[in-house]
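A quick write-up on the structure given underneath.
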Amino acid sequence: MPLSNQAVRDIETLVHPYTNLAMFRETGPLIIERGQGVFLYDGKGKAYIDGMAGLWCTALGHGNEELIEAATQQMRKLSFGHLFTGKSHEGAIELAEKLKEIAPVPTSKVFFCNSGSEANDTQVKLTWYMNNALGRPRKKKIVSRLKAYHGVTIASASLTGLPHNQTDFDVPIAGIVHTSCPHHYRFAHAGESEEAFAERLAGELEALILREGPETIAAFIAEPVMGAGGVIVPPKTYFPKITDVCRKYDVYMICDEVICGFGRLGTSFGCERVGFEPHTISLAKALTSAYVPLAAVTVPEMMYQALLDESRKIGTFGHGFTYSGHPVAAAVALKVLEIYARERMADAVAGKEPHFQARLAALAQHPLVGEARGLGLVGAVELVADKASKRSFDAKAGVAARAVQFTEEEGAIVRFLPSDVISLCPPLIITRAELDALFDALALALDRTLDWARRERLVIG
Ligand SMILES: Cc1ncc(COP(=O)(O)O)c(C=O)c1O
């Protein structure tokens with residue numbers, strides 16, 4: 001089909017994130033015109049269920065009048081205010097108070113950023129700064145995990161453990177080390193139970209810390225459920241064991257709640273669901289339900305004391321963004337948090353989880369699906385060429401990309417991730433009927449993908 005004029009304008013003007021830029025010149029964009037609730041609509045009026053909540057973020061869906069009103073009122077009152085050099089405004093103060101109150105970790109202060117990447121970069125910088133203040137300048141290395149996703153700015157891209165975020169970008173920077181990924185399906189030894197696998201991974205983390213020297217290891221960062229790395233749900237005992245290892249070597253624990261925070265896993269925060277007891281959390285995405293950008297980092301008292309010492313010594317705390325604590329973002333976040341509390345959102349997700357996970361688990365019967373996995377309202381299917389041997393397709397065959405395209409044709413948006421994983425992360429407000437429509441579309445798309453793969457001789461039988 002010839003590309004529309006709008007598609008051609010797009011191709012000639014935009015560099016698209018996370019896109020095969022060469023292939024995109026042929027296929028062009030799917031241009032979304034408007035959104036309402038869990039639905040997106042293209043220029044021809046075709047409706048799509050937003051099965052990925054945008055990019056794991058539009059928890060309350062589109063067109064929420066309360067959020068629109070909160071943003072509008074704030075723009076009328078104070079459209080910009082900053083927190084530099086002692087300035088402040090009520091929205092930032094109130095939001096920090098609220099986050100302190102609901103945070104799952106003891107929190108002294110809150111630092112605002114604009115994106116998940118900035119939040120995790122901030123975590124790295126604060127860790128380094130703290131250890132300088134504490135007189136341990138060698139304790140600077142940060143441990144992340146293979147397949148982790150923590151963003152794309154220079155420190156965050158270094159924490160991320162995915163090749164396509166690092167190859168030819170000259171990251172990771174020095175001092176970032178990666179430990180094993182807790183994906184039992186892919187990385188367990190033959191016959192190894194989930195419990196034994198978790199035990200081994202905690203041992204591998206400890207071995208890494210001892211090899212590098214505990215006096216050089218400053219922090220460990222982890223997502224409760226790994227998102228962009230493939231929706232990887234750790235074994236139940238993994239995080240308690242990892243927490244013990246980190247405590248033993250005085251390692252500062254950072255929980256990246258950018259996807260899992262605010263109810264996604266059926267608990268207020270993801271760390272509570274998986275038994276991780278960090279010192280600090282990074283927040284973004286559902287904090288404003290993505291109506292406007294906002295992110296935050298919680299600061300425990302020991303960290304705050306270190307910041308105080310350093311700023312006394314240096315003369316200022318030299319970190320911050322123009323839009324840190326933007327008043328419009330703060331007003332929207334306050335309204336979002338009010339809605340989550342009023343609607344008991346984490347409980348509501350826990351109520352929807354059994355149906356979501358049952359529909360997901362049923363896809364494991366499909367000939368193309370090697371594993372169906374998930375927790376709360378996040379899930380994925382991993383497509384394989386051979387179920388018995390778990391053999392993957394050749395990445396160049398683009399099997400998951402094809403399934404995503406068929407799903408779009410069937411009226412739902414899902415996303416493909418590396419290793420032919422298709423992820424689902426619908427808005428938290430999705431109804432049972434909408435969930436069924438989402439899974440029906442994906443199931444039909446998988447059937448169409450199987451027919452296509454047979455025609456292409458990618459699968460036998
Ligand atoms: C767990 C996690 N951390 C950090 C980020 C980076 O957030 P941003 O894209 O807002 O920089 C993401 C984005 O998807 C994420 O999933």
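Atom NZ of K390 has more than 12 neighbouring heavy atoms from other residues, nucleotides or ligands inside a 6.0 Å radius. More than 12 heavy atoms of other residues, nucleotides or ligands lie within 6.0 Å of CD in E66, so this atom counts as buried by the packing criterion. The local environment of CZ in R457 is sparse, with at most 12 non-hydrogen atoms from other residues, nucleotides or ligands closer than 6.0 Å.
Ring-centre distance between Y238 and F197: not below the 6.0 Å cut-off.
Residues S419 and K147 come closest through the heavy atom pair OG-NZ, 3.7 Å. Nearest approach of A119 to V297, heavy atoms of both residues: O-CG2, 3.4 Å. Pairing each heavy atom of I49 with each of L438, the nearest pair is CD1-N, 3.8 Å. The nearest pair of heavy atoms linking T153 to E118 is OG1-N, 4.4 Å. Pairing each heavy atom of I173 with each of S158, the nearest pair is N-OG, 3.0 Å. When every heavy atom of A412 is checked against every heavy atom of Y48, the shortest pair comes out as N-CD2, 4.3 Å.
Shown here are the ring-ring contact (aromatic ring centres under 6.0 Å, His included) partners of F111, two or more places apart in sequence or in another chain: H319.
Salt bridge absent: K98 and E338 never bring a charged side-chain N and a carboxylate O closer than 4.0 Å. We find that E69 and K335 are not joined by a salt bridge, their nearest charged nitrogen and carboxylate oxygen being 4.0 Å or further apart. Of the charged side-chain nitrogens involved, none lies within less than 4.0 Å of a carboxylate oxygen, so that D420 and R402 do not count as a salt-bridged pair. Salt bridge annotation for K241-E195: present, with a cationic side-chain nitrogen under 4.0 angstrom from a carboxylate oxygen.
The one candidate from I254, L208, V245 that meets the side chain to side chain contact (heavy atoms under 4.5 Å, CB included) condition with V143 is L208. Only one option out of R264, R273, R359, R432 pairs with E353 in a salt bridge (charged side-chain N to carboxylate O under 4.0 Å, His left out); it is R273.
In summary, the side chains of S282 and D256 do not present any donor paired with an acceptor at a separation below 3.5 Å, with no hydrogens or angles considered. H16 and D10 are linked by a side-chain donor-acceptor pair at a separation below 3.5 angstrom, with hydrogens and angles left out of the test. Under 3.5 Å, the side chains of N165 and T160 contain no donor-acceptor pair of N or O atoms.
For residues 20-44, the salt bridge (charged side-chain N to carboxylate O under 4.0 Å, His left out) pairs, not counting sequence neighbours, are E12-R25.
The closest side-chain heavy-atom distance from F220 to R145 is below 4.5 Å.
Rounded to the nearest 0.5 angstrom, K387 NZ and H366 NE2 are separated by 8.5 Å. To the nearest 0.5 Å, atoms CE (M226) and CG (L146) are separated by 7.5 Å.
Aromatic ring orientation, Y185 versus H183: tilted (interplanar angle from 30° to 60°).
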